[in-house]
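Okay, so here's the structure we're looking at.
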Protein chains: 2
Amino acid sequence: MVLSKTCDYGLRAALYLAANDDREFIPIKEISEKLNISFHFLTKILQILTQEDILTSFKGPKGGVKLAMPAKTISLRKVIEAIDGEGLFTRCVIGLDTCSPEHPCPLHSEWEPLRDRISRLFEKNTLFEMAVKLRSNQFRVTDVPFGIQPTKHTK
Amino acid sequence: MVLSKTCDYGLRAALYLAANDDREFIPIKEISEKLNISFHFLTKILQILTQEDILTSFKGPKGGVKLAMPAKTISLRKVIEAIDGEGLFTRCVIGLDTCSPEHPCPLHSEWEPLRDRISRLFEKNTLFEMAVKLRSNQFRVTDVPFGIQPTKHTK
DNA sequence: TTATATTCAGACAAAAGACTCTTAATTGAG
DNA sequence: CTCAATTAAGAGTCTTTTGTCTGAATATAA
């Protein structure tokens with residue numbers, strides 16, 4: 001797959017936070033329930049984003065996480081690189097370490113421009129743009145429509 | 001990453017076979033040494049491609065594997081799907097099962113066309129085209145240039 | 001001060017992916 | 001027929017990814 005599951009979850013959570021950027025610190029519990037992701041697992045993922053200074057956190061009651069910067073300044077690529085690394089945007093399709101314009105693999109000339117487009121897609125789209133779409137309520141960050149709660153909660 | 005390591009290796013081996021399509025059955029041992037991939041591991045991968053009728057194999061002396069069809073009729077996508085499945089060409093970027101034009105994720109409209117391009121890239125390029133490039137000797141399927149043997153062999 | 005809500009840190013477990021090894025089966029050549 | 005070359009099959013191991021759990025630290029509010 002293009003992104004790891006961990007990265008999927010991290011992105012979805014970031015999207016949720018961006019859509020709720022007007023609010024104060026948001027508990028991870030709330031995010032995990034709304035997006036139907038294991039609370040403990042999500043906690044771990046969001047810790048990474050906190051360490052990378054994409055989120056800030058606050059302990060105790062009224063605590064939670066929120067974006068560390070204006071949503072406009074956080075590209076999706078920033079989130080992806082924090083979790084999965086930059087491999088998607090830099091590496092050879094068939095995994096050759098030394099693939100380069102001088103020593104190309106047979107797909108190099110066709111893959112490179114496509115990889116650059118992927119790169120630009122995640123670069124130019126910021127959490128802000130995504131949040132605008134989400135608030136219009138015609139888009140999803142979860143498999144169940146918003147409002148309908150998942151039946152199984154973390155106990 | 002875009003493709004699994006298993007798929008990388010499988011593709012590289014298929015490319016090697018295509019570039020040597022004039023010869024008869026080629027021992028997996030030869031491929032594993034030329035491409036510097038573990039013999040046993042590669043055996044397993046090529047078994048998959050044999051089961052999927054992309055390769056045919058032949059036991060005993062003078063045995064080995066070769067393409068089961070003309071290289072022109074084997075798209076890279078066929079090889080990729082045999083190993084990694086079709087997820088790369090069908091799934092949502094952020095992994096939503098229900099993402100669709102009716103219930104899109106915020107990236108759907110931008111990702112879908114890009115995904116289709118990736119799809120077409122691997123669809124239109126066949127092992128034949130890759131083999132032509134490889135035979136011109138300006139392209140690589142391995143990190144070390146052809147001719148220079150890797151120092152460490154499988155014992 | 002005590003109870004409660006929350007993140008943080010890290011150990012642990014389970015599943016998947018990547019890779020190794022052994023043994024069996026098949027075949028061609030002498 | 002026998003032997004060596006070679007793939008086939010599958011058990012087994014190591015590593016990474018995914019996910020769970022517990023306890024500590026921190027903050028708030030009563």
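Per chain, numbering begins at 1; letters A, B, ... match sequence-line order.
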Rounded to whole Å, please give me the gap between [atom1] in [X] and [atom2] in [N].
X: A:Phe25; N: C:dT6; atom1: CZ; atom2: P; value: 13 Å
X: B:Glu24; N: D:dT6; atom1: CD; atom2: P; value: 15 Å
X: A:Ile37; N: D:dG19; atom1: CD1; atom2: P; value: 10 Å
X: A:Lys44; N: D:dT16; atom1: NZ; atom2: C1'; value: 13 Å
X: B:Gln47; N: D:dA11; atom1: CD; atom2: C1'; value: 13 Å
X: B:Phe41; N: D:dC14; atom1: CZ; atom2: P; value: 16 Å
X: A:Ile45; N: C:dC8; atom1: CD1; atom2: P; value: 14 Å
X: B:Lys66; N: D:dT6; atom1: NZ; atom2: P; value: 17 Å

Derivation and outcome, side chain to side chain donor-acceptor pair (under 3.5 Å), residues B:Thr98 and A:Arg140: CA-CA 9 Å; B:Thr98 59; A:Arg140 287 192 184 178; 3.1 Å; yes
Which atom names give the shortest non-hydrogen contact between A:Leu76 and A:Leu15, and what distance separates them?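 Smallest heavy-atom distance, with atoms named: CD2-CD1, 4.1 Å.
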Distance test, side-chain N/O of A:Tyr9 to OP1/OP2 of D:dT18, below 4.0 Å: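 No, outside the criterion.
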Can you check whether B:Ser38 has a side-chain N or O nearer than 4.0 Å to OP1 or OP2 of C:dC19?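 No, B:Ser38 has no side-chain N/O under 4.0 Å of OP1/OP2 on C:dC19.
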Does a sphere of radius 6.0 Å around NZ in B:Lys62 hold more than 12 heavy atoms from other residues, nucleotides or ligands, not counting ones at 6.0 Å or beyond?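 No - once you tally the heavy atoms of other residues, nucleotides and ligands closer than 6.0 Å, there are 12 at most.
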In this structure, are over 12 heavy atoms from other groups packed under 6.0 Å from B:Phe89 atom CZ?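 Yes - once you tally the heavy atoms of other residues, nucleotides and ligands closer than 6.0 Å, there are more than 12.
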Using a cut-off of 4.0 Å on non-hydrogen atoms, how would the nucleic acid contact of A:Phe58 be classed: base, sugar-phosphate, or nothing?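 Sugar-phosphate contact only - A:Phe58 comes under 4.0 Å of backbone atoms but never of a base.
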Mind checking if A:Leu46 touches a base, just sugar-phosphate, or nothing, with heavy atoms under 4.0 Å?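 Result for A:Leu46 = nothing.
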Under 3.5 Å, is there any donor-acceptor pair linking the side chain of A:Lys59 to the base of D:dT28?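 When only heavy-atom distances are counted, A:Lys59 does not reach the base of D:dT28 through any donor-acceptor pair under 3.5 Å.
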Could you check whether the side chain of B:Lys5 and the base of C:dG17 have a donor-acceptor pair of N or O atoms closer than 3.5 Å, going by distance alone?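 Answer is no: no donor-acceptor pair is held.
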Would you call B:Glu110 and A:Arg117 a salt bridge, taking side-chain N to carboxylate O under 4.0 Å as the test?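 Answer for the salt bridge query: no.
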Return the 5'-most residue of the pair B:Gln51, A:Asp84 with respect to DNA chain D, ranking by each residue's nearest nucleotide.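 Looking at DNA chain D, the more 5' nearest nucleotide goes with B:Gln51.
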Between B:Thr6 and A:Thr43, which has a closest nucleotide on DNA chain C that is more 5'?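 Here A:Thr43 is the residue nearer the 5' end.
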